Amino acid sequence: MPSRPSDPINRLMWYTPPCLLNHFVPSCVAGGVLYAIQDVMLSGMRPSMEGFGRYAGVIYAYNAIQCPMEAIHGRKSILHNILGGGLLGYVGVSRGWVG
């Protein structure tokens, strides 16, 4: 693998594709399954692919929002978590999907 670029734009283009593909698929599947099971156990609803897909999609979107921020800044940060979660929470509430 080539050395890491120093400027933010090239670092973004170098870091983001592997970040979106390699690390998120296992976490999306595992998180989708765990949250879907929790949803079924707490609400008594029947398991569905819609519930799994919704949870896996939100986890993927959360990670996809953080990936470019990590690439631009060159490190992980709590601010990335706050911005990613806040943005998804805002979209979910404003569209009536959550809370």
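All of these numbers come straight from a predicted model, not from anything done at the bench. In this chain, residues are counted from 1 in sequence order. Scope of the values below: all heavy atoms of this structure, side chains included, with no hydrogens, waters or symmetry mates.
- Checking each of Val93, Ile65, Ile59 against Leu88 for a side-chain contact (heavy atoms from CB on, under 4.5 Å) leaves exactly one that passes, namely Ile65.
- Residue Leu42 places its CG atom among more than 12 non-hydrogen atoms of other residues, nucleotides or ligands, all under 6.0 Å distant.
- For the side chain to side chain contact (heavy atoms under 4.5 Å, CB included) test, residues two or more places apart in sequence or in another chain that qualify with Ile37 are Val33, Met41.
- Leu83 and Leu87 fall within a single hydrophobic cluster, where Ile, Leu, Val, Met, Phe, Trp and Tyr side chains are chained together by heavy-atom contacts under 4.5 Å.
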Q: Check the pair Tyr62 / Asn81 against side-chain contact (heavy atoms from CB on, under 4.5 Å), numbers first and verdict last.
A: CA-CA 8 Å; Tyr62 174 73; Asn81 292 325; 3.0 Å; yes
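- The side-chain hydrogen bond (donor to acceptor under 3.5 Å, both in side chains) search around Tyr35 returns none, not counting sequence neighbours.
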